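Only a predicted model underlies this, so the values are computations on that prediction, with no experimental measurement involved. We count ligands from 1, going down the list as the structure has it; atoms in each ligand are counted the same way.
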Amino acid sequence: MKSIKLNLGKRSYKILVGQGVIKELPGVIKSLKFQGPIVIITDKTVAKKTGRIMTPVLKRMPNESFYVIVPPQEGSKSIEVFQETIHKISKTTKTHRPVIVALGGGVVGDLAGFVAATYRRGVPFIQVPTTLLSQVDSAIGGKTGIDLPDAKNLVGAFYQPKIVLSDLDFLKTLPRTQIRNGLGEVIKYAIIRNKGLFEYLEKNIGKILSSDISILEKIVYECAAVKADIVEKDELDTRDLRIALNFGHTLGHAIEAASGYSNLLSHGEAVAMGMVLAGEIALRLDMLKESELNRIKSLVKQSGFSMKIKGITLKTIMNSYGYDKKFIAGSNRLVLPKSIGKIEIIEDIPLILIRTVLRKYV
Ligand SMILES: NC(=O)c1ccc[n+]([C@@H]2O[C@H](COP(=O)([O-])OP(=O)(O)OC[C@H]3O[C@@H](n4cnc5c(N)ncnc54)[C@H](O)[C@@H]3O)[C@@H](O)[C@H]2O)c1
Ligand SMILES: [Zn+2]
């Protein structure tokens with residue numbers, strides 16, 4: 001088991017990474033010295049897939065525990081599911097303040113975190129991420145929230161967990177499409193901060209896609225360390241440091257929005273394409289060597305991501321990019337790679353350049 005400390009004064013916490021770390025959960029709750037009931041928020045698929053691992057853990061819980069099960073996928077980050085979840089908790093826990101455990105991917109983590117942040121003005125919260133994406137990204141850093149019909153993540157709060165338990169055993173049941181989805185973020189961390197990780201990914205991509213747990217363990221640890229370091233320095237996203245995590249996401253979001261968040265492409269695929277496009281722009285601004293761009297493209301391709309944006313027009317992508325608030329205010333901003341492991345934030349990129357690189361892939 002490996003441990004990373006995220007230093008945030010009184011709100012500091014540990015991220016434990018390893019096979020079997022879920023066994024720490026009863027002890028962690030005991031150490032919180034909390035008398036209330038334990039509410040485990042999860043989705044239907046996760047409840048089923050993690051049953052065998054969770055049964056012995058639940059038997060050792062210090063306090064009474066019960067599950068609140070929500071439907072799987074993004075639809076559960078809604079006002080309706082938020083309200084139903086709170087209602088179930090208040091009915092069952094009565095006057096006691098509960099501890100909330102998020103057992104699941106980013107959807108469950110974001111929803112349960114927001115429930116914990118708001119229920120009775122905040123109750124203790126523990127993250128148990130079960131997807132690659134949530135172990136490397138969403139479970140760390142305290143961004144919680146739900147979607148509104150107007151936009152994703154429109155309502156939320158910064159609310160840090162007491163601990164993150166990233167158990168690699170959970171990833172054994174994760175479908176390959178979800179491993180790939182998380183891989184988009186993993187490649188992002190490597191390009192923004194960790195050249196060694198990029199080389200490791202190049203060497204081990206085959207084993208990663210076949211869910212080799214010891215390889216995934218190193219990857220989760222390396223990515224969690226990068227995220228923890230960035231969050232520590234810019235917890236509330238006010239110091240222009242957390243923006244590095246947007247690498248591949250600005251153009252990626254424009255592509256996702258243009259697809260109407262349909263199943264034309266996943267978030268990971270949109271981010272992978274966004275990183276390639278950012279690399280192409282950096283090449284044309286003489287910031288990035290062609291050989292480095294080729295390595296990025298090659299890793300993205302070997303990860304099984306498509307190198308073409310299908311079923312979406314250039315015009316719709318440019319439209320959704322143009323609606324970006326920052327752009328309307330007069331200047332656009334992109335995180336661009338300078339080399340593998342280093343990035344720079346560049347402003348006022350000519351639209352014609354963005355259009356040119358997009359045309360290559362649409
Ligand atoms: N808070 C943040 O900082 C942050 C960062 C990045 C993404 N996010 C959010 O995360 C969400 C995406 O997270 P995600 O990709 O984990 O999606 P998800 O939670 O929808 O999980 C993906 C699918 O995998 C299933 N699943 C989960 N664990 C499993 C397991 N161990 N075995 C088998 N199936 C399993 C789920 O039921 C679901 O169908 C988005 O809503 C996004 O906005 C938040
Ligand atoms: Zn992302």
Worksheet, complete the sentence: Logged contact type for Glu74 with ligand 1, heavy-atom cut-off 4.0 Å, is side chain
Discussion item. At less than 4.0 angstrom from any non-hydrogen atom of Lys152, what atoms of ligand 1 do you find?
Written reply: 43 (O)
Worksheet item: How far is atom 9 (C) of ligand 1 from its nearest protein heavy atom, and which residue and atom name does that atom have?
Response: Asp110 OD2, 3.4 Å
Practice prompt. Within a distance under 4.0 Å of any heavy atom of Asp43, pick out the atoms of ligand 1 and give their elements.
Written response: 36 (C), 37 (O)
Worksheet item: With a cut-off of under 6.0 Å to the ring centre and 45° to the axis, is Lys188 in cation-pi contact with Phe247?
Response: no
Item to complete: Distance to 0.1 Å, residue and atom name: give those for the protein heavy atom nearest to atom 43 (O) of ligand 1.
Response: Lys77 NZ, 3.0 Å
Fill in: Residue portion contacting ligand 1 (non-hydrogen atoms closer than 4.0 Å) for Lys143
both
Discussion item. List ligand 1 atoms under 4.0 Å from Lys227, heavy atoms only on the residue side.
Written reply: 3 (O)
Worksheet item: Any idea which atoms of ligand 1 are less than 4.0 Å away from a heavy-atom of Phe170?
Response: 30 (C), 31 (N)
Worksheet, complete the sentence: Per-atom filter on ligand 1: closer than 4.0 angstrom to a heavy atom of Thr130 are 27 (C), 28 (N), 29 (C), 30 (C), 31 (N)
Worksheet item: For atom 29 (C) of ligand 1, which protein heavy atom lies nearest, and how many Å away is it?
Response: Leu174 CD1, 3.5 Å
Worksheet item: Among all protein non-hydrogen atoms, which one is nearest to atom 4 (C) of ligand 1, and what is the separation to 0.1 Å?
Response: Ser138 CB, 3.2 Å
Worksheet entry | Residue and atom name of the nearest protein heavy atom (relative to atom 10 (O) of ligand 1), distance in Å to one decimal | Gly106 CA, 3.3 Å
Response to the item:
Here the pair of heavy atoms bringing Val57 nearest to Ile22 is CG1-O, 3.8 Å
Worksheet item: Of the backbone atoms (N, CA, C, O) and the side-chain heavy atoms from C-beta on, which set of Thr50 has a member under 4.0 Å from an atom of ligand 1: side chain, backbone, both, or neither?
Response: neither
Worksheet item: Does some non-hydrogen atom of the protein lie less than 4.0 angstrom from atom 2 (C) of ligand 1?
Response: yes
Practice prompt. Specify side chain, backbone, both or neither for Pro72, according to which of its non-hydrogen atoms lie closer than 4.0 Å to ligand 1.
Written response: side chain
Practice prompt. Look at atom 26 (N) of ligand 1 and say which protein heavy atom is nearest, naming residue and atom and giving the distance to 0.1 Å.
Written response: Val46 CG2, 3.8 Å
Discussion item. Can you confirm whether or not the ring centre of Phe114 sits under 6.0 Å from the ring centre of Tyr159?
Written reply: no
Worksheet item: Could you walk me through whether Val115 and Ile89 pass the side-chain contact (heavy atoms from CB on, under 4.5 Å) check?
Response: CA-CA 10 Å; Val115 166; Ile89 296 172; 3.8 Å; yes
Worksheet item: Among the clusters formed by ILVMFWY side chains lying less than 4.5 Å apart, do Val17 and Val186 turn up in the same one?
Response: yes
Worksheet item: Looking only at heavy atoms, which two atoms of Ala257 and Ser320 are closest? And how far apart?
Response: CB-CB, 3.9 Å
Discussion item. Polar contacts were defined as any N/O atom of the residue lying under 3.5 Å from an N/O atom of the ligand; does this apply to Lys49 and ligand 1?
Written reply: no
Worksheet entry | Nearest heavy-atom neighbours spanning Ala244 and Ile343 | CB-CD1, 3.6 Å
Worksheet item: Considering only heavy atoms of Asn181, which atoms of ligand 1 have at least one such atom less than 4.0 Å away?
Response: 15 (O)
Response to the item:
Counting from 1 in the order shown, the ligand 1 atoms closer than 4.0 Å to a non-hydrogen atom of Gln73 are 20 (O), 39 (O)
Discussion item. Taking Arg11 first and then Glu235, would you say they form a salt bridge - that is, a charged N and a carboxylate O separated by under 4.0 Å?
Written reply: yes
Item to complete: Kindly confirm or rule out an N or O of Arg242 lying under 3.5 angstrom from an N or O of ligand 1.
Response: no
Worksheet item: Quick one: which ligand 1 atoms are inside 4.0 Å of a heavy atom on Val107?
Response: 11 (C), 13 (O), 18 (P), 19 (O), 20 (O), 41 (O)
Worksheet, complete the sentence: The NE2(His267)-the Zn ion (ligand 2)-NE2(His249) angle, to 10°, is 100°
Fill in: Lys5 vs Ser12, side-chain contact (heavy atoms from CB on, under 4.5 Å): CA-CA, chis, key distance, verdict
CA-CA 7 Å; Lys5 175 98 183 278; Ser12 298; 3.8 Å; yes
Worksheet entry | Protein contact of atom 30 (C) of ligand 1 - nearest heavy atom, named by residue and atom, plus distance | Thr173 OG1, 3.5 Å
Item to complete: May I ask you to check if ligand 1 and Thr131 share an N or O to N or O distance below 3.5 Å?
Response: yes
Discussion item. We want to know whether Ser214 and Asp212 form a side-chain donor-acceptor pair, criterion being a heavy-atom distance below 3.5 angstrom.
Written reply: yes
Discussion item. Test your reading of the structure: does Asp137 have an N or O sitting under 3.5 Å from an N or O of ligand 1?
Written reply: no
Item to complete: Identify whether NZ of Lys or CZ of Arg in Lys218 sits under 6.0 Å from the centre of the six-membered ring of Tyr200 and within 45° of that ring's axis.
Response: yes
Worksheet item: Does the pair Asp137/Lys143 count as a salt bridge with the N-to-O cut at 4.0 Å?
Response: no
Fill in: ligand 1 versus Leu171: contacting region, heavy-atom distance under 4.0 Å
neither
Practice prompt. Select one of side chain, backbone, both or neither to describe which atoms of Lys44 lie under 4.0 Å from any atom of ligand 1, heavy atoms only.
Written response: neither
Worksheet entry | Test log, rule side-chain contact (heavy atoms from CB on, under 4.5 Å), inputs Asp237 and Phe158 | CA-CA 10 Å; Asp237 213 349; Phe158 282 98; 4.2 Å; yes
Worksheet item: Does the pair Glu280/Arg284 count as a salt bridge with the N-to-O cut at 4.0 Å?
Response: yes
Worksheet item: Passes salt bridge (charged side-chain N to carboxylate O under 4.0 Å, His left out), Glu74 versus Lys152? Steps please.
Response: CA-CA 9 Å; Glu74 192 69 25; Lys152 275 191 67 171; 3.7 Å; yes
Fill in: Proximity of Leu133 to ligand 1 by residue part, where a heavy atom lies under 4.0 Å
side chain
Worksheet entry | Glu185 atom (N/O/S) at minimal separation from the Zn ion (ligand 2) | OE2
Discussion item. Working note: Lys77 + Asp110, criterion salt bridge (charged side-chain N to carboxylate O under 4.0 Å, His left out); need CA distance, chi angles, decisive distance, verdict.
Written reply: CA-CA 7 Å; Lys77 275 175 63 176; Asp110 283 11; 2.9 Å; yes
Discussion item. Count I, L, V, M, F, W, Y as connected when their side-chain heavy atoms are under 4.5 Å apart, and connections chain through other members. Are Leu32 and Val164 then in the same cluster?
Written reply: no
